[in-house]
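A short worksheet on the structure shown next.
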Amino acid sequence: MNRSLLAVATLSLLAGAAQAEYGPNLLNNAGFESPLGFDFSDPSNWNGFFGGPAGTFLQAFNDTGATPHGGDNALVTTIRGVAGVTDGFNAFTGHVQIVSSGITPGQAFELAVWARANPVILDGAEFRVEWQDASGAELARTNVEIYADMTSDYQRFAFESVAPAGAARAAIVLAVQSFYHTGVQADTSVAWDDASFRSVPTPGAAAVLGMGVLAIGRRRR
């Protein structure tokens, strides 16, 4: 086989194998296309939560007409103060989904989401994993603030978190909050879309995959 073609084929196989090693997306309604929950009767779907001073405009819906990253809908989370009523500070809103299958203590997982300012963000925006035991008690969390890096264009935000000992569930949270701020009134709106929560291949597994593909290449020379 031509060596240049072999190199291309080997790299393609290696990339495909590494990609395949990520686990399936453990989130339901990952693109926010289906109706969202608000009463926590189905914790495996996204469920909205709200809190703040009376009169604050709070929004956490997927039927707002905001431009999505993919599909027809995006989740929009908004906090706004109302002139003459409240500055809207010390408020929060977002959605949470409980993942209760596929969680293995010691396993690394990647949480990723596409997000953009919609159109203004003067306060906090964050996404996180809250690791829980089988009873729902929190064991640990990984929280990432992204408001300072957001623009009006969708960007992919992602981080990895390792399930601690005793972890049986993961609460996945997408939220905005106005506990700290840069404006006279709270004014933050974020569009979220195409979220994923997947197990990450271990370095050892990736190395074995690479050796296997290269060995195939050598045999075909």
Side-chain angles (χ1 to χ4, degrees), residues 18-32 34 36-52 58 60 62 75-77 79 90-115 121 123-150 155-180 188 190 192-208:
Q19 179 69 23
E21 277 302 295
Y22 277 82
N25 190 355
L26 299 176
L27 294 175
N28 293 318
N29 197 12
F32 308 101
S34 301
L36 307 177
F38 292 91
D39 60 2
F40 289 86
S41 60
D42 179 11
S44 67
N45 188 19
W46 299 104
N47 281 271
F49 55 87
F50 306 82
L58 299 172
N62 66 339
L75 169 65
V76 173
T77 55
I79 299 173
N90 298 315
F92 60 89
T93 188
H95 270 262
V96 58
Q97 179 176 141
I98 302 298
V99 176
S100 56
S101 62
I103 304 301
T104 303
Q107 172 67 55
F109 291 81
E110 179 197 68
L111 176 59
V113 66
W114 291 83
I121 181 163
D123 304 278
E126 59 200 46
F127 66 135
R128 66 179 174 267
V129 179
E130 299 175 0
W131 297 108
Q132 303 175 352
D133 64 17
S135 69
E138 184 175 325
L139 302 173
R141 66 170 59 186
T142 305
N143 187 77
V144 175
E145 292 274 3
I146 60 174
Y147 75 97
D149 299 315
M150 300 186 74
Q155 300 176 75
R156 186 178 186 269
F157 296 92
F159 66 84
E160 292 184 11
S161 182
V162 177
R169 315 185 335 170
I172 307 303
V173 179
L174 310 175
V176 293
Q177 46 84 4
S178 58
F179 298 116
Y180 51 87
T188 285
V190 175
W192 313 82
D193 207 358
D194 297 329
S196 64
F197 183 60
R198 307 180 299 167
S199 61
V200 176
T202 63
V208 170

Working note: Ile146 + Phe127, criterion side-chain contact (heavy atoms from CB on, under 4.5 Å); need CA distance, chi angles, decisive distance, verdict.
CA-CA 8 Å; Ile146 60 174; Phe127 66 135; 3.7 Å; yes

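- How far CD of Gln177 is from CD of Glu145: 5.5 Å, rounded to the nearest 0.5 Å.
- Counting heavy atoms from C-beta outward, Trp131 and Ile103 have side chains that approach closer than 4.5 Å.
- Between Val113 and Phe197 there is no side-chain heavy-atom pair separated by less than 4.5 Å.
- Nearest heavy atoms, Val129 versus Ala170: CG1-CB, 4.0 Å.
- Counting only N and O atoms by type, the side chains of Asp123 and Ser178 include no donor and acceptor under 3.5 Å apart.
- Between Ile79 and Thr93 the shortest side-chain heavy-atom distance falls below 4.5 Å.
- Residues Val176 and Phe92 form no side-chain contact, since every pair of their non-hydrogen atoms from C-beta on lies 4.5 Å or further apart.
- With rounding to the nearest 0.5 angstrom, the OG atom of Ser41 is 6.5 Å from the CG atom of Asn47.
- Going from atom CZ of Arg198 over to atom CG of Asn25 covers 7.5 Å, rounded to the nearest 0.5 Å.
- In this structure, the side chains of Ser199 and Phe109 come closer than 4.5 Å at one or more pairs of heavy atoms.
- With sequence neighbours excluded, the residues satisfying salt bridge (Lys or Arg N to Asp or Glu O under 4.0 Å) with Arg141 are Glu130, Glu138.
- Counting only distance, with no hydrogens or angles, the side chain of Gln107 and the backbone of Val200 share a donor-acceptor pair below 3.5 Å.
- Gly136 and Arg169 make their closest contact through CA-NH2, 3.6 Å (heavy atoms, listed as atom of the first residue, atom of the second, distance).
- Atom CZ of Arg128 is separated from atom OG1 of Thr142 by 11.0 Å, given to the nearest 0.5 angstrom.
- Heavy atoms only, all atoms of each residue included: Ala167 and Pro105 are closest at O-CG, 3.5 Å.
- Under 3.5 Å, the side chains of Asn29 and Asn45 contain a donor-acceptor pair of N or O atoms.
- Looking at Asn62, its side chain never comes within 3.5 Å of a backbone N or O of Leu36 through a donor-acceptor pair.
- Under a 3.5 Å cut-off, the side chain of Asp193 and the backbone N or O of Trp114 do not form any donor-acceptor pair.
- At least one side-chain heavy atom of Leu174 sits less than 4.5 Å from a side-chain heavy atom of Leu75.
- Evaluated for a ring-ring contact (aromatic ring centres under 6.0 Å, His included) with His95, the options Phe38, Trp46, Phe40 yield exactly one hit, Phe38.
- Contact annotation: the side chain of Val173 approaches that of Phe49 to within less than 4.5 Å [non-hydrogen atoms, C-beta and beyond].
- Inter-residue side-chain proximity for Gln97 and Asn28 is flagged as met; some heavy-atom pair is nearer than 4.5 Å.
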In sequence, state the C-alpha distance, the side-chain angles, and the governing distance for Val190 and Val76, and then conclude on side-chain contact (heavy atoms from CB on, under 4.5 Å).
CA-CA 6 Å; Val190 175; Val76 173; over 6 Å; no

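- Of the inter-residue distances, the one linking Leu27 atom CG with Ile172 atom CD1 reads 6.0 Å to the nearest 0.5 angstrom.
- Residues meeting the side chain to side chain donor-acceptor pair (under 3.5 Å) test with Thr77, sequence neighbours left out: Trp192.
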